[in-house]
Amino acid sequence: QVQLVESGGGLVQAGGSLRLSCAASGRFFGIDDMGWDRQSSGEQRELVADITSGGSTTYAESVKGRFAISEDNAKNTVYLQMNSLKPEDTAVYYCYMRIRTSAISSRTQVYWGQGTHVTVSS
């Protein structure tokens, strides 16, 4: 059973920084890509950042230049460094990983973390 465990959320003042972490555990055969979504109250979930196994990154326009996604393959962990936080960044942040579940095929499955709250006060 694969599990993703998030940490690092909390309350911060506008202009501050937070670093989110998400670690995968269990039995699997590699990770194709990792990323972070977020969902604000009353809003649809949106992609924040994604990083592929090759290191290519994608960011939402609203966070470009402020957020940075990175990974530690040895630890099966993805990070989201969030700087210059704004009140509109307040949301529940969910990590995800597209994980290879077979040693002999390209079959993958997406797993999600439990979500971590980020609150940015003005």
Worksheet item: Residues two or more places apart in sequence or in another chain: which of them pass salt bridge (charged side-chain N to carboxylate O under 4.0 Å, His left out) with Arg107?
Response: none
Using the rule that Ile, Leu, Val, Met, Phe, Trp and Tyr join whenever any side-chain heavy atoms are under 4.5 Å apart, tell me whether [X] and [Y] fall into a single cluster.
X	Y	result
Ile31	Tyr96	no
Leu4	Met34	yes
Val92	Leu47	yes
Tyr79	Ile51	no

Discussion item. Counting neighbours of CZ on Arg98 that are heavy atoms of other residues, nucleotides or ligands and sit closer than 6.0 Å, is the number greater than 12?
Written reply: no
Item to complete: Report, as yes or no, whether the 6.0 Å neighbourhood of atom CD on Gln3 holds more than 12 heavy atoms from other residues, nucleotides or ligands.
Response: no
Is there a side-chain contact between [X] and [Y], using heavy atoms and a 4.5 Å cut-off?
X	Y	answer
Gln39	Glu46	no
Leu85	Leu18	yes
Thr101	Phe28	no
Met82	Tyr93	yes
Leu80	Phe67	yes

What is the distance from atom [atom1] of [X] to atom [atom2] of [Y], rounded to the nearest 0.5 Å?
X	Y	atom1	atom2	result
Arg27	Gln1	CZ	CD	13.5 Å
Ser62	Glu88	OG	CD	8.5 Å
Ser53	Asn73	OG	CG	8.0 Å
Gln109	Asp32	CD	CG	12.5 Å
Ser106	Phe29	OG	CZ	13.5 Å

Would you please name every residue forming a side chain to side chain contact (heavy atoms under 4.5 Å, CB included) with [X], sequence neighbours left out?
X	value
Ser122	Pro87
Ser17	Gln81, Asn83
Thr119	Leu11, Thr90
Glu6	Cys22, Trp36, Tyr94, Cys95, Gln114, Thr116

Worksheet item: Quick one: ring-ring contact (aromatic ring centres under 6.0 Å, His included) partners of Tyr111, sequence neighbours excluded?
Response: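 Checked Tyr111 against ring-ring contact (aromatic ring centres under 6.0 Å, His included); zero matches.
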Heavy-atom pair of closest approach, residues [X] and [Y]:
X	Y	value
Ser84	Arg66	O-NH1, 2.9 Å
Tyr59	Ala68	OH-CA, 3.4 Å
Asp37	Arg45	OD2-CD, 3.5 Å
Thr57	Ile69	CG2-CG2, 3.8 Å

Worksheet item: Distance-only, no hydrogens or angles: does the Ser40 side chain make a donor-acceptor pair with backbone N or O of Glu43 under 3.5 Å?
Response: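 Here the side-chain-to-backbone pair does not exist.
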Worksheet item: Only one of Asp33, Val78, Asn76 clears side-chain contact (heavy atoms from CB on, under 4.5 Å) with Met97; which?
Response: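 That would be Val78.
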